[in-house]
Amino acid sequence: MSLLHGGEDQDREELNGLFEVTWQTLSSWPAELCRSGDPGEEMLVELGSCLLLAVALLGPGPGAQAMEGVKCGGVLSAPSGNFSSPNFPRLYPYNTECNWLIVVAEGSSVLLTFHTFDLEYHDTCSFDFLEIYNGALGDKGNLLGRFCGQVPPPPFTSSWHVMSVVFHSDKHVASRGFSAGYQKDVCGGFLTGLSGVLTSPEYPNNYPNNVECRWVIRAAGPATVKLVFVDFQVEGNEECTYDYVAVLGGPGPTHGHHYCGSARPPTVMSLGHELQVVFKSDFNIGGRGFKAYYFSGECQEVYVAVRGNFSSPQYPISYPNNIRCHWTIRLPPGYRVKVFFLDLELEEPNSLTRTCDFDHLAAFDGASEEAPMLGKWCGHLLPPPVTSSHNELLLLLHTDRSTTRRGFSVAYIGVVPMNVSCSRTDFQILISAQVLAPLERTKVYLGSRSCAAQEVGNTFRIQARFDTCGTESQRRNGTVVIVSVLHIDFSAGGQADVHEYEEAPPRDEVEALEGPVTVVPQDTSDIVFLGLCILAGVLMVIAIVVLMLL
């Protein structure tokens, strides 16, 4: 007999089981206990008063404990503590949402661990769930994860001194809930954010003796993890057997991952989607310790193609709070990196100083933040293109703890600096030999290898007539143009790697990034042709080159 009119199957089964037990218990009682004076009312008494009496004597069943929503949550500001779902370890209430804000001392981090976990299961945790945020609520960009079922979440370490936890239950199916604990200034933990910071205990003060910390940094999906040390001072000896930092999960032999002394370890990229960092100190002699940034997922990439596009995390949806992202463009020797800004919308500059003190995007002329800065931007005004002086360029996005915007989208292209001059009948191309070192002159040619460059001092020079070296005349949009292709051969170790280049005028640079390769004309009419040559000689035009892979 079912006494429910709706709800989940589990609710129905639990309550039907309760009444089945009650009826069995009732049937075993003495008949006179549940007998009324009127024989015609005997069945009513058995099914009514005696049933209610049995329920009262047995106490409330499991379903009766899952009441409607209750007041819960709050601010947890002690250095450590514990909290749990309402009614734990009994069933939590229906239709409940609890928000806990964990706040510890500025400069500290929060370690959150779970002792017990049992929530209604769903493939996407759409019914009952627990959400953990790296910081305050209100921005899905701070979400570290959503969990349900019976598998406890892993330990989480915040990247600053605030962490939030949300518990939500719907109107059906209740379970035991969860219990969790937190503490500040811990070392080690499980890190899954797009980016964050690691420091030794009590950094920048000297770290304590006899500690061992282990961090596990895990990127979402197939992405890799990047670890960059910005400060390092650990007791040193030749084999790093006393105090040390070990990085596991990157390339190279295991013993090569132990670091000590005062020299900063190199930047490490994981081989898979996980990187482990271990810090250990012995019983005496300490140091300032270390500070390192980690980047994972779409918050760090290394681009090696000669042209490409990328954007801020979640673009065009608002980027997350409290992240630092690295995008490194690393091209073959001889290239320069030119970056074009297609879209930019970040938090506005400081209203008092008019500087980008909050969220900002910065470009560096190299592969690290120690390289010269090419520019720093915020707000919504598109910056002009920037060009590196060598073959590497780093873009860094920094966001603070509040206010997010759409983000940015950029495109980049490899360029080779060259000096082009011409006359009525021939032209000359000059490229610094140092730019293309260690290539030989025969690796640089126009049209065919028979038109290889000559080496004059520290310069590769190609001088040819317009009717030689593979040049050809074409008519485009009613104009006769001269087209030729410059080849630079980077092949090595039996691997073919020959790149082809063509000139492009400034107005076509962005279009060339997104569409087919644009072969750019040289007009053969006297006035226009001479004008282009004079302009090339005066301005020392940097030729924009586009990769066409063979």
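The basis for the numbers below is simple: all heavy atoms, side chains too, and nothing from hydrogens, waters or symmetry mates. Because the structure is a prediction, the values reported are computed rather than measured.
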ring-ring contact (aromatic ring centres under 6.0 Å, His included) pairs, two or more places apart, involving residues 422-442: Phe427-Phe466
Exercise: identify the closest heavy-atom pair between [X] and [Y]:
X	Y	answer
Leu346	Gly407	CD2-CA, 4.0 Å
Val110	Met163	O-CE, 3.9 Å
Pro266	Phe229	O-CD1, 4.2 Å
Tyr203	Gly289	CD1-C, 4.3 Å
Val386	Ala363	CG2-CB, 4.4 Å

Using side-chain heavy atoms (C-beta onward) and a distance below 4.5 Å, is [X] in contact with [Y]?
X	Y	answer
Thr403	Asn321	no
Leu344	Leu381	no
Leu275	Val247	yes
Thr241	Asp282	no
Thr387	Val337	no
Ser389	Asp365	yes
Val245	Val277	yes
Leu111	Pro155	yes

Donor + acceptor pair across side chains of Tyr319, Asp359 (<3.5 Å): yes
Between Asn134 and Ser158: side-chain donor-acceptor atoms closer than 3.5 Å: no
Residue list, salt bridge (Lys or Arg N to Asp or Glu O under 4.0 Å) with Lys443, at least two apart or on another chain: Asp489
Sequence-distant partners of Arg214, salt bridge (Lys or Arg N to Asp or Glu O under 4.0 Å), two or more places apart: none
Give, for atom [atom1] of [X] and atom [atom2] of [Y], the distance between the pair rounded to the nearest 0.5 Å.
X	Y	atom1	atom2	value
Leu394	Ser388	CG	OG	11.5 Å
Arg461	Gln428	CZ	CD	5.5 Å
Glu274	Leu248	CD	CG	10.0 Å
Ile462	Ile431	CD1	CD1	6.0 Å
Asn206	Asn209	CG	CG	9.5 Å
Arg465	Asp426	CZ	CG	7.0 Å

Mind checking what makes side-chain contact (heavy atoms from CB on, under 4.5 Å) contact with [X], not counting sequence neighbours?
X	value
Pro208	Pro201, Glu202, Val211
Glu301	Tyr303, Trp327
Ala371	Phe364

Kindly check if the number of other-residue, nucleotide or ligand heavy atoms within 6.0 Å of [atom1] ([X]) is above 12?
X	atom1	result
Leu382	CG	yes
Asn458	CG	no
Phe310	CZ	yes
His390	NE2	no
Glu455	CD	yes

By ring-ring contact (aromatic ring centres under 6.0 Å, His included) - contacts of Phe190 (at least two apart): none
All ring-ring contact (aromatic ring centres under 6.0 Å, His included) counterparts of Tyr294, not counting sequence neighbours: none
Keeping [X] on the side-chain end and [Y] on the backbone end, is there a donor-acceptor pair under 3.5 Å?
X	Y	result
Ser281	Asn210	yes
Ser262	Gln233	no
Ser270	Gly249	no
Asn322	Asp400	no
Ser164	Ile132	no
Asn391	Arg336	no

Residue pairs fulfilling disulfide bond (SG atoms under 2.5 Å apart) with at least one residue in residues 306-372, sequence neighbours excluded: Cys299-Cys325, Cys356-Cys378
Any pair counted as salt bridge (Lys or Arg N to Asp or Glu O under 4.0 Å), so long as it reaches residues 323-334, sequence neighbours left out: Arg324-Glu369, Arg330-Glu392
Within residues 224-246 or reaching into it, pairs that qualify as salt bridge (Lys or Arg N to Asp or Glu O under 4.0 Å) - sequence neighbours excluded: Asp231-Arg288
Aromatic ring pairing Tyr293/Phe295, orientation class (parallel under 30°, perpendicular over 60°, tilted between): tilted
His487 and Tyr445 aromatic ring geometry - parallel, tilted or perpendicular at 30°/60° bounds: parallel
Ring centre gap for Trp377 and Phe408 strictly below 6.0 Å: no
Audit row: Leu361, Phe341, side-chain contact (heavy atoms from CB on, under 4.5 Å) steps and yes/no: CA-CA 11 Å; Leu361 181 68; Phe341 297 88; 3.8 Å; yes
Salt-bridge criterion met for Glu212 and Lys280 (N-O under 4.0 Å): no
Trace of the side-chain hydrogen bond (donor to acceptor under 3.5 Å, both in side chains) decision for Thr224 with Gln300: CA-CA 8 Å; Thr224 58; Gln300 66 82 25; 2.8 Å; yes
Tyr207 and its ring-ring contact (aromatic ring centres under 6.0 Å, His included) partner, picked from Phe279, Phe290, Phe232, Tyr244: Phe279
Criterion side-chain contact (heavy atoms from CB on, under 4.5 Å) on Val339 and Leu374, from CA distance to verdict: CA-CA 11 Å; Val339 175; Leu374 297 172; over 6 Å; no
Side chain to side chain donor-acceptor pair (under 3.5 Å) pairs, two or more places apart, involving residues 341-351: Tyr315-Asp343, Asp343-Arg406, Glu345-Arg406, Glu348-His380, Asn350-Asp357
